Colleague: 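Got a structure for you, questions after.
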Amino acid sequence: MPNYLMAGGARLTVRPGRFVAIGDSFTEGVGDWDPRLPNGVRGWADRVAKQLSKVDPRWEYANLAIRSKKLGPIVEEQIDHALALEPTLISFYAGGNDILELRQDMDDLLERYSAAVDRLCSSGAQVVLFTGFDVPLHPLLGAMKRRNHVFNDAVRQIVKDNADRGAVLLDYWTLDAYRDRRMWDDDKLHMNRAGHRYLAIQFLELFGIDHFLEFEPFGPSQRVGPVGYTVREVEWWREVVMPMFGRRMRGVTLGDTLSPRWPELIRPAEGMKRIYRKRLKVESHLGALIT
């Protein structure tokens, strides 16, 4: 049986609906790189939307997530937009970037998170929430791991409290497949293509949706000796951790210059790459007219 918690026995009907994804890099698709799609990524949400369109080509989809966004901006910039699209299915993942702050008031964060969930559930849509995975981190980042555990326990309770209002939990923390480092991008914080594909499968199976996605088992893992491990850790600190904290100290993020990947509803059955090419042609034409 799939390793997830299903609150309230929820099942998504196969009638055509509207799937709107809200959040940060997790939902935007960072780590699943594809230059043929908006913001250069694909991600699990695109994969879910595509499979829903195979069930019924009338399914519509929007993805408002932008990397590096914290809970406040996600609530302010994405929720009203999402609800205006009148979704029948909403995915909501937020708070991970807040947890990575050097200092964070968890009570305040969880209060704001709960209020956001209340707004989403009030729409009448099915709302899918996620725990955060227990990413292996250096002991110096132990405070962030403890916050993650507190956050996960709170999310599970929020789902229980809102199960009769359409809240469902995909308990990402319990998915043992992600303990294999080959599911992760080089930054250790974002899933790679394999990780996004696997999560899309878990999302679809959460609702018992037939799909055509397959997860191919990995080959033998490569062993890294003590020296190789140390070199890799030093590179990770230099190339990922220190630049991340540097950006936070300067008040900038990797998402500052980006827009939502799919800000308006599309029909994935028409082909996402084809839709994006048409968008680029229109933008190029408008740019030529302005200049």
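The structure presented is a predicted model; accordingly, all values stated were derived computationally and were not measured. Counting begins at 1 with the first residue of the sequence.
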Colleague: Closest approach of Gly43 and Asp32, non-hydrogen atoms and distance?
Modeller: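 Gly43 and Asp32 have their closest heavy atoms at N-OD2, 2.9 Å.
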Colleague: Decide yes or no on side-chain contact (heavy atoms from CB on, under 4.5 Å) for Leu109 and Ile99, but give the supporting numbers first.
Modeller: CA-CA 9 Å; Leu109 175 65; Ile99 291 172; 4.3 Å; yes
Colleague: Are Asp118 and Arg165 ion-paired here, with the side-chain N under 4.0 Å from a carboxylate O?
Modeller: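 Yes.
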Colleague: Run the side-chain contact (heavy atoms from CB on, under 4.5 Å) test against Glu86 and tell me which residues pass, sequence neighbours left out.
Modeller: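 side-chain contact (heavy atoms from CB on, under 4.5 Å) list for Glu86, sorted by chain: Arg18.
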Colleague: Working note: Ile66 + Ile74, criterion side-chain contact (heavy atoms from CB on, under 4.5 Å); need CA distance, chi angles, decisive distance, verdict.
Modeller: CA-CA 9 Å; Ile66 297 178; Ile74 290 172; over 6 Å; no
Colleague: For Pro87 and Ala125, work out which heavy atoms get closest and say how close.
Modeller: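 Smallest heavy-atom distance, with atoms named: O-CB, 3.4 Å.
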Colleague: Can you find a side-chain donor-acceptor pair between Glu28 and Asn63 that sits under 3.5 Å?
Modeller: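 Distance-only check fails for Glu28 and Asn63.
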Colleague: When hydrophobic residues are tied together by side-chain contacts of less than 4.5 Å, even through go-betweens, does Ile158 share a cluster with Leu169?
Modeller: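 Yes: a chain of side-chain contacts under 4.5 Å links Ile158 to Leu169.
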Colleague: Contact between Trp262 and Glu60 at the side-chain level, heavy atoms closer than 4.5 Å - yes or no?
Modeller: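 Trp262 vs Glu60: side chains apart.
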Colleague: Heavy-atom count around Asp210 CG within 6.0 Å, excluding the residue itself: above 12?
Modeller: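 Count not over threshold, so no.
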Colleague: Give, for atom OG of Ser122 and atom CG of Leu120, the distance between the pair rounded to the nearest 0.5 Å.
Modeller: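 Separation between the atoms: 8.5 Å.
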Colleague: Do the non-hydrogen side-chain atoms of Glu77 and Lys69 ever get within less than 4.5 Å of each other?
Modeller: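 Yes. Closest side-chain heavy atoms under 4.5 Å.
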Colleague: Hey, is Lys70 close enough to Glu101 for a salt bridge, meaning N to O under 4.0 Å?
Modeller: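 Counted as a salt bridge, because a side-chain N and a carboxylate O are separated by less than 4.0 Å.
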Colleague: Let's go through Leu37 and Lys273 carefully: what are the C-alpha distance in whole Å and the side-chain angles of both, what is the deciding distance for side-chain contact (heavy atoms from CB on, under 4.5 Å) to 0.1 Å, and is it a yes or a no?
Modeller: CA-CA 6 Å; Leu37 289 167; Lys273 295 181 180 69; 3.9 Å; yes
Colleague: Please determine whether residues Leu258 and Tyr276 belong to a single hydrophobic cluster, defined as Ile, Leu, Val, Met, Phe, Trp and Tyr linked transitively by side-chain heavy-atom distances below 4.5 Å.
Modeller: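 Not linked; separate clusters.
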Colleague: When you measure from the side chain of Lys50 to the backbone N and O of Pro268, does any donor-acceptor pair fall under 3.5 Å?
Modeller: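 Between the backbone of Pro268 and the side chain of Lys50 there is a qualifying donor-acceptor contact (under 3.5 Å).
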Colleague: What is the distance from atom CZ of Arg197 to atom CZ of Arg193, rounded to the nearest 0.5 Å?
Modeller: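 It is 8.5 Å, given to the nearest 0.5 Å.
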Colleague: Is the ring centre of Phe26 less than 6.0 Å from the ring centre of Phe133?
Modeller: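 Not under 6.0 Å, so no.
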Colleague: Hey, are Arg156 and Asp171 close enough for a salt bridge, meaning a charged N less than 4.0 Å from a carboxylate O?
Modeller: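 Yes, this pair counts.
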Colleague: Is the closest side-chain heavy-atom distance between Leu206 and Val168 below 4.5 Å?
Modeller: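 Yes - at least one pair of side-chain heavy atoms lies under 4.5 Å apart.
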Colleague: Can you sort out the partners of Asn192 under side-chain hydrogen bond (donor to acceptor under 3.5 Å, both in side chains), two or more places apart, ordered by chain and number?
Modeller: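 For Asn192, no residue satisfies side-chain hydrogen bond (donor to acceptor under 3.5 Å, both in side chains) once neighbours in sequence are set aside.
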Colleague: Do Trp184 and Met191 come within less than 4.5 Å of each other through their side chains, counting heavy atoms only?
Modeller: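 Touching, per the 4.5 Å side-chain cut-off.
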Colleague: Determine, stepwise, if the pair His190 / His196 fulfils side-chain contact (heavy atoms from CB on, under 4.5 Å).
Modeller: CA-CA 9 Å; His190 297 99; His196 279 277; 5.6 Å; no
Colleague: Would you kindly confirm whether Val48 and Ile275 end up in one hydrophobic cluster when ILVMFWY residues are joined by side chain heavy atoms under 4.5 Å apart?
Modeller: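 Same hydrophobic cluster.
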Colleague: Measure the CG-OG distance between Leu170 and Ser91 for me, rounded to the nearest 0.5 Å.
Modeller: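 So the gap between those two atoms works out to 10.5 Å.
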Colleague: Could you give all pairs that pass the salt bridge (charged side-chain N to carboxylate O under 4.0 Å, His left out) test and reach residues 253-263, with sequence neighbours left out?
Modeller: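 Listed by first then second residue: Asp46-Arg261.
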Colleague: With clusters defined by side-chain heavy atoms of hydrophobic residues (ILVMFWY) lying less than 4.5 Å apart, directly or transitively, does Leu89 cluster with Ile266?
Modeller: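 Shared cluster, yes.
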Colleague: Heavy atoms only: give me the nearest Ala21-Thr27 pair and the separation to one decimal.
Modeller: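 Distance-wise, the nearest heavy atoms are CB-CG2, 3.4 Å.
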Colleague: Using ring centroids (six-membered ring only for Trp), state whether Tyr93 and Trp44 fall under 6.0 Å.
Modeller: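 Ring centroids of Trp44 and Tyr93 are no less than 6.0 Å from each other.
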Colleague: Just so I know, are the side chains of Arg67 and Val41 near enough to count as touching, which here means a heavy-atom distance under 4.5 Å?
Modeller: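 With C-beta onward as the side chain, the pair touches.
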Colleague: Classify the angle between the aromatic ring planes of Phe19 and Phe203 as parallel (below 30°), tilted (30 to 60°) or perpendicular (above 60°).
Modeller: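 Because their plane-to-plane angle lies in the 30° to 60° range, the rings of Phe19 and Phe203 count as tilted.
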Colleague: Could you tell me if the side chain of Met272 sits less than 4.5 Å from the side chain of Arg267, heavy atoms only?
Modeller: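 Of all side-chain heavy-atom pairs linking Met272 with Arg267, none is under 4.5 Å.
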Colleague: Atom CG of Asn39 and atom OG of Ser259: how far apart are they, to the nearest 0.5 Å?
Modeller: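 OG of Ser259 is found 7.5 Å from CG of Asn39.
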Colleague: Give me the atom names and distance for the closest heavy-atom approach of Arg147 to Leu100.
Modeller: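 The pair with the smallest heavy-atom distance is NH1-C, 4.4 Å.
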Colleague: Indicate yes or no: at least one non-hydrogen side-chain atom of Gln126 is less than 4.5 angstrom from one of Ile90.
Modeller: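 They are not in side-chain contact.
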Colleague: Do Asp176 and Tyr178 have a side chain donor and acceptor closer than 3.5 Å?
Modeller: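 No.
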Colleague: What heavy-atom pair brings Pro16 and Asp56 nearest, and what distance separates the two atoms?
Modeller: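 Shortest heavy-atom separation between Pro16 and Asp56 comes out as CD-OD2, 3.5 Å.
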Colleague: Could you measure the distance from the CG atom of Asn97 to the CG atom of Leu71? Nearest 0.5 Å is fine.
Modeller: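 Nearest 0.5 Å value for the CG-CG distance: 10.5 Å.
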Colleague: Which residues pass the side-chain hydrogen bond (donor to acceptor under 3.5 Å, both in side chains) test with Asp185, sequence neighbours left out?
Modeller: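 Only Trp33 meet the side-chain hydrogen bond (donor to acceptor under 3.5 Å, both in side chains) criterion with Asp185.
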Colleague: For Ala154, give me all partners under side-chain contact (heavy atoms from CB on, under 4.5 Å), at least two apart in sequence or on another chain.
Modeller: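 side-chain contact (heavy atoms from CB on, under 4.5 Å) list for Ala154, sorted by chain: Leu110.
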Colleague: Side-chain contact test, heavy atoms from C-beta onward, threshold under 4.5 Å: evaluate it for Ile201 versus Glu214 and give yes or no.
Modeller: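 Ile201 vs Glu214: side chains apart.
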Colleague: Give me the one residue out of Asn148, Leu175, Asn152, Val159 that meets side chain to side chain contact (heavy atoms under 4.5 Å, CB included) with Thr131.
Modeller: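 With Thr131 as partner, side chain to side chain contact (heavy atoms under 4.5 Å, CB included) holds for just one option, Asn152.
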Colleague: How far apart are the closest heavy atoms of Phe215 and Ala194, and which atoms are they?
Modeller: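 Looking at all heavy atoms of both residues, the shortest contact is CE1-O, 3.6 Å.
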Colleague: Taking CD in Gln157 as the centre, count heavy atoms belonging to other residues, nucleotides or ligands within less than 6.0 Å. Is the count above 12?
Modeller: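 More than 12 within 6.0 Å, yes.
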Colleague: Roughly how far, to the nearest 0.5 Å, is CG of Leu64 from CG of Leu85?
Modeller: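 So the gap between those two atoms works out to 6.5 Å.
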Colleague: Between Phe92 and Tyr113, is the ring centroid distance below 6.0 Å?
Modeller: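 Centroid separation for Phe92 and Tyr113: below 6.0 Å.
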Colleague: Could you name each residue pair satisfying salt bridge (charged side-chain N to carboxylate O under 4.0 Å, His left out) that touches residues 274-285, not counting sequence neighbours?
Modeller: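 Non-adjacent pairs meeting salt bridge (charged side-chain N to carboxylate O under 4.0 Å, His left out): zero.
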